[in-house]
> 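Here it is, the structure, as C-alpha coordinates.
Side-chain atoms are counted along with the backbone in the values below, which use heavy atoms only and exclude waters and symmetry mates.
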Amino acid sequence: MTPQDTARRVTRRRARTRANLLDAAFAVFAAKGFGRVSIEEVCEAAGYSRGAFYSNFATLDELFFALYRDRADLIAAQVADALAQDGPGLDVQAAVERVTEVLLLDVDWLLVKTDFLVHAARDPAVAQALLDHRARLRAAVADRLSRARGHTALPAVLGDAEGAAHAVVAAYDGVTTQLLLDRDVDAARTWLGQLLTALLTDGSGTPE
(Lines give C-alpha, C1' and ligand atoms only; values in the text may rest on other atoms or scores of the structure.)
Protein backbone atom coordinates (compact mmCIF):
# COMPACT_ATOMS: atom_id res chain seq x y z
CA MET A 1 0.00 0.00 0.00
CA THR A 2 1.39 3.39 -0.98
CA PRO A 3 1.63 6.36 1.40
CA GLN A 4 -1.10 8.01 -0.66
CA ASP A 5 -3.41 5.02 -0.14
CA THR A 6 -2.71 5.07 3.58
CA ALA A 7 -3.46 8.81 3.76
CA ARG A 8 -6.74 8.32 1.91
CA ARG A 9 -7.78 5.54 4.29
CA VAL A 10 -6.97 7.69 7.31
CA THR A 11 -8.95 10.59 5.81
CA ARG A 12 -11.96 8.37 5.12
CA ARG A 13 -11.81 6.88 8.62
CA ARG A 14 -11.62 10.30 10.22
CA ALA A 15 -14.56 11.55 8.14
CA ARG A 16 -16.56 8.48 9.17
CA THR A 17 -15.69 9.04 12.84
CA ARG A 18 -16.74 12.69 12.61
CA ALA A 19 -20.04 11.77 10.95
CA ASN A 20 -20.76 9.12 13.60
CA LEU A 21 -20.03 11.59 16.39
CA LEU A 22 -22.39 14.13 14.82
CA ASP A 23 -25.16 11.56 14.41
CA ALA A 24 -24.77 10.40 18.01
CA ALA A 25 -24.69 13.97 19.28
CA PHE A 26 -27.86 14.80 17.37
CA ALA A 27 -29.73 11.99 19.12
CA VAL A 28 -28.36 12.88 22.56
CA PHE A 29 -28.97 16.63 22.19
CA ALA A 30 -32.54 16.02 21.00
CA ALA A 31 -33.23 13.71 23.94
CA LYS A 32 -31.61 15.72 26.74
CA GLY A 33 -30.92 19.26 25.53
CA PHE A 34 -27.59 20.84 24.69
CA GLY A 35 -26.87 22.24 28.15
CA ARG A 36 -27.40 18.85 29.80
CA VAL A 37 -25.07 16.75 27.65
CA SER A 38 -21.43 15.91 28.35
CA ILE A 39 -18.65 14.91 26.00
CA GLU A 40 -18.62 11.50 27.67
CA GLU A 41 -22.28 10.94 26.79
CA VAL A 42 -21.68 11.80 23.14
CA CYS A 43 -18.67 9.46 23.02
CA GLU A 44 -20.61 6.65 24.67
CA ALA A 45 -23.51 7.03 22.23
CA ALA A 46 -21.12 6.99 19.27
CA GLY A 47 -18.99 4.14 20.64
CA TYR A 48 -15.77 6.17 20.66
CA SER A 49 -13.20 7.33 23.19
CA ARG A 50 -12.61 10.92 24.26
CA GLY A 51 -9.49 10.79 22.10
CA ALA A 52 -11.64 10.25 19.01
CA PHE A 53 -13.78 13.22 20.06
CA TYR A 54 -10.83 15.55 20.54
CA SER A 55 -9.27 14.52 17.24
CA ASN A 56 -12.35 16.02 15.56
CA PHE A 57 -13.65 18.75 17.87
CA ALA A 58 -11.99 20.98 20.45
CA THR A 59 -15.14 21.51 22.54
CA LEU A 60 -18.75 20.43 22.83
CA ASP A 61 -19.73 23.90 21.59
CA GLU A 62 -17.71 23.32 18.41
CA LEU A 63 -19.45 19.99 17.83
CA PHE A 64 -22.87 21.57 18.42
CA PHE A 65 -22.06 24.35 15.98
CA ALA A 66 -20.90 21.83 13.34
CA LEU A 67 -24.01 19.72 13.88
CA TYR A 68 -26.30 22.70 13.45
CA ARG A 69 -24.47 23.92 10.36
CA ASP A 70 -24.54 20.51 8.66
CA ARG A 71 -28.24 19.94 9.33
CA ALA A 72 -29.18 23.51 8.40
CA ASP A 73 -27.29 23.25 5.10
CA LEU A 74 -29.07 19.97 4.33
CA ILE A 75 -32.53 21.41 5.05
CA ALA A 76 -31.88 24.57 3.03
CA ALA A 77 -30.83 22.38 0.10
CA GLN A 78 -33.94 20.19 0.52
CA VAL A 79 -36.19 23.25 0.46
CA ALA A 80 -34.48 24.54 -2.67
CA ASP A 81 -34.90 21.14 -4.33
CA ALA A 82 -38.56 20.94 -3.33
CA LEU A 83 -39.21 24.35 -4.89
CA ALA A 84 -37.31 23.58 -8.09
CA GLN A 85 -39.64 20.86 -9.32
CA ASP A 86 -42.24 23.01 -11.13
CA GLY A 87 -41.95 24.75 -14.47
CA PRO A 88 -41.88 28.54 -14.94
CA GLY A 89 -45.15 28.96 -13.08
CA LEU A 90 -45.62 27.94 -9.45
CA ASP A 91 -48.11 25.25 -8.47
CA VAL A 92 -48.64 26.71 -5.01
CA GLN A 93 -50.43 23.77 -3.45
CA ALA A 94 -47.93 21.19 -4.78
CA ALA A 95 -44.96 23.33 -3.72
CA VAL A 96 -46.43 23.88 -0.25
CA GLU A 97 -46.96 20.15 0.20
CA ARG A 98 -43.36 19.39 -0.73
CA VAL A 99 -41.94 22.10 1.52
CA THR A 100 -44.04 21.13 4.54
CA GLU A 101 -42.88 17.52 4.14
CA VAL A 102 -39.24 18.67 4.25
CA LEU A 103 -39.64 21.13 7.10
CA LEU A 104 -41.94 19.32 9.51
CA LEU A 105 -41.00 15.65 9.60
CA ASP A 106 -38.19 15.89 12.16
CA VAL A 107 -39.28 17.04 15.62
CA ASP A 108 -35.81 16.15 16.94
CA TRP A 109 -34.34 18.74 14.56
CA LEU A 110 -36.75 21.35 15.94
CA LEU A 111 -35.60 20.55 19.49
CA VAL A 112 -31.94 20.91 18.53
CA LYS A 113 -32.66 24.08 16.55
CA THR A 114 -34.49 25.58 19.55
CA ASP A 115 -31.51 24.83 21.78
CA PHE A 116 -29.30 26.52 19.20
CA LEU A 117 -31.61 29.55 19.14
CA VAL A 118 -31.33 29.96 22.92
CA HIS A 119 -27.56 29.51 22.70
CA ALA A 120 -27.37 32.05 19.85
CA ALA A 121 -29.40 34.63 21.75
CA ARG A 122 -26.48 34.93 24.18
CA ASP A 123 -23.63 34.81 21.66
CA PRO A 124 -23.52 37.16 18.63
CA ALA A 125 -21.09 34.93 16.72
CA VAL A 126 -23.40 31.94 17.10
CA ALA A 127 -26.39 34.12 16.28
CA GLN A 128 -24.84 34.93 12.92
CA ALA A 129 -24.84 31.23 12.01
CA LEU A 130 -28.56 31.05 12.73
CA LEU A 131 -29.20 34.25 10.77
CA ASP A 132 -27.23 32.83 7.84
CA HIS A 133 -29.36 29.67 7.85
CA ARG A 134 -32.58 31.66 7.91
CA ALA A 135 -31.27 33.83 5.09
CA ARG A 136 -30.58 30.72 3.00
CA LEU A 137 -34.10 29.45 3.56
CA ARG A 138 -35.58 32.83 2.61
CA ALA A 139 -33.31 33.05 -0.43
CA ALA A 140 -34.48 29.63 -1.67
CA VAL A 141 -38.12 30.68 -1.31
CA ALA A 142 -37.59 34.17 -2.73
CA ASP A 143 -35.67 32.83 -5.74
CA ARG A 144 -38.52 30.46 -6.61
CA LEU A 145 -41.17 33.15 -6.19
CA SER A 146 -39.14 35.58 -8.30
CA ARG A 147 -38.90 33.06 -11.12
CA ALA A 148 -42.67 32.55 -10.98
CA ARG A 149 -43.44 36.25 -11.45
CA GLY A 150 -45.28 36.83 -14.70
CA HIS A 151 -46.70 33.31 -14.43
CA THR A 152 -48.12 33.21 -10.91
CA ALA A 153 -49.35 36.32 -9.08
CA LEU A 154 -48.68 36.90 -5.39
CA PRO A 155 -50.94 38.88 -3.05
CA ALA A 156 -49.88 42.52 -3.31
CA VAL A 157 -49.84 42.94 0.49
CA LEU A 158 -46.69 40.79 0.68
CA GLY A 159 -44.77 43.21 -1.50
CA ASP A 160 -41.96 41.57 -3.46
CA ALA A 161 -40.68 38.00 -3.46
CA GLU A 162 -38.36 38.76 -0.54
CA GLY A 163 -41.30 39.98 1.53
CA ALA A 164 -43.24 36.84 0.70
CA ALA A 165 -40.25 34.71 1.70
CA HIS A 166 -40.08 36.47 5.08
CA ALA A 167 -43.77 35.68 5.59
CA VAL A 168 -43.25 32.01 4.73
CA VAL A 169 -40.40 31.62 7.25
CA ALA A 170 -42.39 33.49 9.92
CA ALA A 171 -45.36 31.17 9.37
CA TYR A 172 -43.06 28.18 9.76
CA ASP A 173 -41.67 29.57 13.02
CA GLY A 174 -45.15 29.98 14.49
CA VAL A 175 -46.41 26.54 13.52
CA THR A 176 -43.31 24.74 14.74
CA THR A 177 -43.60 26.37 18.17
CA GLN A 178 -46.97 24.66 18.57
CA LEU A 179 -45.55 21.43 17.16
CA LEU A 180 -42.84 21.34 19.83
CA LEU A 181 -45.53 21.47 22.50
CA ASP A 182 -48.16 19.07 21.20
CA ARG A 183 -45.96 16.84 18.96
CA ASP A 184 -48.83 16.54 16.46
CA VAL A 185 -46.90 16.46 13.17
CA ASP A 186 -49.97 15.78 11.02
CA ALA A 187 -51.87 18.73 12.47
CA ALA A 188 -48.83 20.99 12.12
CA ARG A 189 -48.30 19.97 8.51
CA THR A 190 -51.97 20.61 7.70
CA TRP A 191 -51.98 23.97 9.45
CA LEU A 192 -48.77 25.12 7.81
CA GLY A 193 -50.06 24.05 4.42
CA GLN A 194 -53.26 26.04 4.92
CA LEU A 195 -51.39 29.05 6.21
CA LEU A 196 -48.86 29.11 3.36
CA THR A 197 -51.59 28.63 0.77
CA ALA A 198 -53.49 31.57 2.26
CA LEU A 199 -50.31 33.67 2.25
CA LEU A 200 -49.32 32.92 -1.32
CA THR A 201 -52.75 32.91 -2.97
CA ASP A 202 -56.16 34.44 -2.42
CA GLY A 203 -56.74 31.76 0.23
CA SER A 204 -58.67 29.36 -1.99
CA GLY A 205 -55.63 27.54 -3.33
CA THR A 206 -56.05 29.15 -6.75
CA PRO A 207 -53.42 31.78 -7.61
CA GLU A 208 -54.74 35.26 -8.24
Side-chain angles (χ1 to χ4, degrees), residues 5-84 98-123 125-140 169 172-173 175-186 188-189 192:
D5 290 336
T6 300
R8 280 193 291 269
R9 286 186 61 184
V10 170
T11 299
R12 285 196 298 270
R13 185 168 63 247
R14 179 165 184 170
R16 194 161 53 245
T17 299
R18 182 183 186 279
N20 290 339
L21 283 166
L22 288 172
D23 286 344
F26 181 83
V28 176
F29 289 147
K32 299 187 66 173
F34 172 64
R36 299 178 180 178
V37 173
S38 66
I39 290 174
E40 287 78 11
E41 287 173 300
V42 172
C43 292
E44 182 179 354
Y48 291 123
S49 66
R50 286 175 63 94
F53 179 94
Y54 285 118
S55 71
N56 287 274
F57 305 102
T59 65
L60 202 58
D61 276 22
E62 183 182 318
L63 180 147
F64 190 49
F65 192 93
L67 171 65
Y68 179 85
R69 186 179 58 245
D70 285 359
R71 297 279 172 152
D73 287 348
L74 173 63
I75 289 171
Q78 288 174 330
V79 170
D81 288 346
L83 291 171
R98 290 194 299 268
V99 170
T100 55
E101 286 288 334
V102 170
L103 289 176
L104 280 173
L105 281 177
D106 195 350
V107 175
D108 283 349
W109 161 249
L110 297 177
L111 288 168
V112 172
K113 190 178 77 166
T114 300
D115 271 349
F116 197 83
L117 173 62
V118 173
H119 191 45
R122 296 182 173 90
D123 187 328
V126 178
Q128 191 58 53
L130 185 58
L131 289 170
D132 289 345
H133 168 55
R134 293 173 68 82
R136 287 196 299 276
L137 283 178
R138 288 197 306 271
V169 175
Y172 170 62
D173 287 341
V175 171
T176 54
T177 297
Q178 181 67 28
L179 174 59
L180 280 171
L181 297 175
D182 63 25
R183 301 300 185 94
D184 191 337
V185 176
D186 290 337
R189 186 179 293 115
L192 183 60

> List the atom pairs, donor and acceptor, that lie under 3.5 Å between side-chain atoms in residues 105-114 and the rest of the protein, sequence neighbours left out.
residue: Asp106; atom: OD1; partner: Asp108; partner atom: N; Å: 3.1
residue: Asp106; atom: OD1; partner: Trp109; partner atom: N; Å: 3.2
residue: Thr114; atom: OG1; partner: Leu110; partner atom: O; Å: 2.8

> Once salt bridge (charged side-chain N to carboxylate O under 4.0 Å, His left out) is applied, do any residues pair with Arg183, and if so which ones, sequence neighbours excluded?
none

> Among residues at least two apart in sequence or on other chains, which ones pass side chain to side chain donor-acceptor pair (under 3.5 Å) with Asn20?
Tyr48

> Do Phe116 and Leu67 have side chains that get closer than 4.5 Å, going by heavy atoms?
no

> Nearest 0.5 Å, please: how far is OG in Ser49 from CD in Glu40?
11.5 Å

> Between Lys32 and Glu41 (salt bridge meaning N to carboxylate O under 4.0 Å), is one present in this structure?
yes

> Which donor-acceptor pairs under 3.5 Å do side chains of residues 127-134 form with protein atoms, sequence neighbours excluded?
residue: Gln128; atom: NE2; partner: Asp132; partner atom: OD1; Å: 2.9
residue: Arg134; atom: NH1; partner: Asp173; partner atom: OD1; Å: 3.3
residue: Arg134; atom: NH1; partner: Asp173; partner atom: OD2; Å: 3.1
residue: Arg134; atom: NH2; partner: Asp173; partner atom: OD2; Å: 2.7

> Holding to side-chain contact (heavy atoms from CB on, under 4.5 Å), I want the full list of residues that pass it with Asp23, two or more places apart in sequence or in another chain.
Arg71

> Going by the rule salt bridge (charged side-chain N to carboxylate O under 4.0 Å, His left out), which residues pair with Asp182 if we only count those two or more places apart in sequence or in a different chain?
none

> Do side-chain atoms of Thr59 reach the backbone of Glu62 as a donor and acceptor pair under 3.5 angstrom?
yes

> Can a salt bridge be assigned to the pair Arg18 and Asp70 using a cut-off of 4.0 Å between side-chain N and carboxylate O?
yes

> Please enumerate all residues that pass salt bridge (charged side-chain N to carboxylate O under 4.0 Å, His left out) together with Glu44, with sequence neighbours excluded.
none

> List in chain and number order the residues that pass side chain to side chain donor-acceptor pair (under 3.5 Å) with Asp184, two or more places apart in sequence or in another chain; answer none if no residue qualifies.
none

> Could you give the distance from CD1 (Ile75) to CG (Leu137), rounded to the nearest 0.5 Å?
8.0 Å

> What pairs with Gln78 under side chain to side chain donor-acceptor pair (under 3.5 Å), at least two apart in sequence or on another chain?
none

> State whether the side chain of Glu101 and the backbone N or O of Arg98 hold a donor-acceptor pair below 3.5 Å, judged by distance alone.
no

> Only counting residues at least two apart or in another chain, list the ones meeting side-chain contact (heavy atoms from CB on, under 4.5 Å) with Val99.
Ala82, Leu83, Leu103

> List the residues meeting salt bridge (charged side-chain N to carboxylate O under 4.0 Å, His left out) with Asp123, not counting sequence neighbours, and say none if there are none.
none

> Please name all residues satisfying side chain to side chain donor-acceptor pair (under 3.5 Å) with Asp61, sequence neighbours left out, ordered by chain then number.
none

> Hey, could you give me the OH/CZ distance between Tyr68 and Phe34, rounded to the nearest 0.5 Å?
14.0 Å

